[in-house]
Amino acid sequence: MNKQGLFFLAVMLVLFSSCRNSTDHTEPSQMAFKITEQSWGTIQNDSVVQYTLTNPQGTQVSILNYGGTVTQLWVPDRKGELGDVVLGFDSLSGYLQKANPYFGCLVGRYGNRIAKGKFILEGQAYQLTLNDHGNTLHGGLQGLDKVIWQASKPAGDSSLKLTYTSKDGDQGFPGNLMIEVVYTLGSDNALQIAYSATTDKATPVNLTNHCYFNLSAGKQNTILDHEVMLQAEKFTAVDSLLIPTGQLPAVKGTPMDFTSPKKIGAELAAVKGGYDHNWVLNRKGNDLEKIATAYDASSGRLMEVFTTEPGLQFYTGNFLDGTLKGKWQQPYQQHAAFCMETQHFPDGPNQPSFPNTILKPGDTYRSLTRYQFSVK
Ligand code: BGC
């Protein structure tokens, strides 16, 4: 190399190293994370935006600021081909229709049912809005799934933060509830959801997410052949309107037993209406623990669920009946997908023996769930 060439090389080296040292503090694995935004229209005067988070492997999750709704989740199968493993719609109008069965959304203030929408707290009786056969389901008529959240992007391009303040009296709940939800896509193909909330009056809180999963990415019309494991020896028995009776029967030797992996369809017919119950999770402590798995042998996709919550609503899409047209105009038939909603137990505020769901001023509600995807 001549003198000129050496000089050029030296200048380039200096420029390169100063550039990396002064402006680029990103880890190489972080460099390929990206977030893009797409307008999905407006509701009244608010813009609805879809945020798409992509990790270095190309795994992708799209989330709306409307309801914090996961609209798409693209994960690889055993051949490395990406497929969208959640049910949903192509446009906002799909999500706004009355028949939308909570596809992909955040759920609250109280995920699952509160009997007759009533509870007594600190000597005062409260009445919530009713939306499910005289009971309150998933926070009432206008729950957190039907509001616009404030979105921001914490550093790193792998997370989306959503915040919302539910006003004192919203759907009948006491207290101003300040809620924060952070969705994070890991480089290990995990989707993590971190929930936190504070209040200025004692109030019940039970937040969750309502993704409907089909790990074959729609190649199988139902999830009846998916194999599921639930780390739970008991479940909360319910009446005909799915309100807990207070009893916690053992699953052993019954169709509710998923302590070892079993096909969803193996004994579903023996459960009236299909699976739509809260399993009482076996937990070692309060940290994030693996409590469930779902595996689709046709694609090789495995989903492992980790949570800090004491319960899991395992719902097998029993109320889907083929009338609802989803993405690409596909009709979603019964059992087209399953939900694994990590949560406190249904009707907690009226069941003193269930884990506490009352958040008090000065305390912070925290809940963490991770859906980890891989193949086998
Ligand atoms: C409930 C089902 C309900 C569904 C809403 C689930 O969490 O347990 O009973 O139909 O949400 O689509």
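Just so it is clear, the values below take in all heavy atoms, side chains as well, and ignore hydrogens, waters and symmetry mates.
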task = Apply the test side chain to side chain contact (heavy atoms under 4.5 Å, CB included) to residues T357 and V205: give CA-CA distance (whole Å), side-chain angles for both, the deciding distance (0.1 Å), then the verdict.
result = CA-CA 6 Å; T357 54; V205 184; over 6 Å; no
Is [Y] close to [X] at the side-chain level, that is, under 4.5 Å between some pair of heavy atoms?
X	Y	result
Q333	D321	no
K153	E37	yes
Q150	N65	no
L224	L268	yes
Q171	L141	yes
F119	P204	yes
V228	F314	yes
F354	L248	yes

task = Not counting sequence neighbours, list each pair that qualifies as a side chain to side chain donor-acceptor pair (under 3.5 Å) and has a residue in residues 92-103.
result = S91-S93
inquiry  = Less than 4.0 angstrom from a charged side-chain N to a carboxylate O is my criterion; do E180 and R366 meet it?
reply    = no
Answer with yes or no after comparing the ring centroid distance for [X] and [Y] against a 6.0 Å cut-off, counting only values under it.
X	Y	answer
Y275	H277	no
F89	F103	yes
Y66	W40	no

Checking the side chain of [X] only, and the main-chain atoms of [Y] only, is there a donor and an acceptor separated by less than 3.5 Å?
X	Y	result
E304	Q372	no
N278	F345	no
E289	K284	yes
D296	H226	no
R301	V75	yes
K327	T71	yes
T52	I35	no
T203	P174	yes
R113	G117	no

Using distance alone, with no hydrogens and no angle criterion, decide if [X] and [Y] have a side-chain donor and acceptor under 3.5 Å apart.
X	Y	result
D200	N176	yes
Y183	N209	yes
N189	T59	yes
N214	Q220	no
T307	R370	no
S299	S216	no
N282	E233	yes

About how many Å separate [atom2] of [Y] and [atom1] of [X], when rounded to the nearest 0.5 Å?
X	Y	atom1	atom2	result
K34	S158	NZ	OG	14.0 Å
E81	W74	CD	CH2	10.5 Å
L177	D168	CG	CG	10.5 Å
Q247	D239	CD	CG	12.0 Å
T342	I291	OG1	CD1	7.0 Å
L215	E227	CG	CD	11.5 Å

inquiry  = Show me the pairs that pass ring-ring contact (aromatic ring centres under 6.0 Å, His included) and involve residues 356-376, at least two apart or across chains.
reply    = F213-Y371
task = Using the six-membered ring wherever Trp is involved, compare the ring planes of W149 and Y164 and label them parallel, tilted or perpendicular (cut-offs 30° and 60°).
result = tilted
Residues which pass side chain to side chain contact (heavy atoms under 4.5 Å, CB included) with N206, listed by chain and number, not counting sequence neighbours = Y110, E309, Q343, H344
query = Does a sphere of radius 6.0 Å around CG in N286 hold more than 12 heavy atoms from other residues, nucleotides or ligands, not counting ones at 6.0 Å or beyond?
reply = no
Lys NZ or Arg CZ of K376 over Y295 ring: under 6.0 Å, within 45° = yes
Show every salt bridge (charged side-chain N to carboxylate O under 4.0 Å, His left out) that has at least one partner inside [range], sequence neighbours left out.
range	value
residues 340-353	none
residues 254-267	D225-K263, K262-E267
residues 64-76	none

Do [X] and [Y] sit in one hydrophobic cluster, given that two such residues count as connected whenever their side-chain heavy atoms are within less than 4.5 Å of each other, even indirectly?
X	Y	answer
L64	L96	yes
V271	I243	no
Y51	L162	yes

task = Apply side chain to side chain contact (heavy atoms under 4.5 Å, CB included) to the pair W279 and V251, showing each step before the final yes or no.
result = CA-CA 9 Å; W279 269 258; V251 298; 3.9 Å; yes
note = Shortest non-hydrogen pair, V375 vs D77, comes out as CG1-C, 3.4 Å
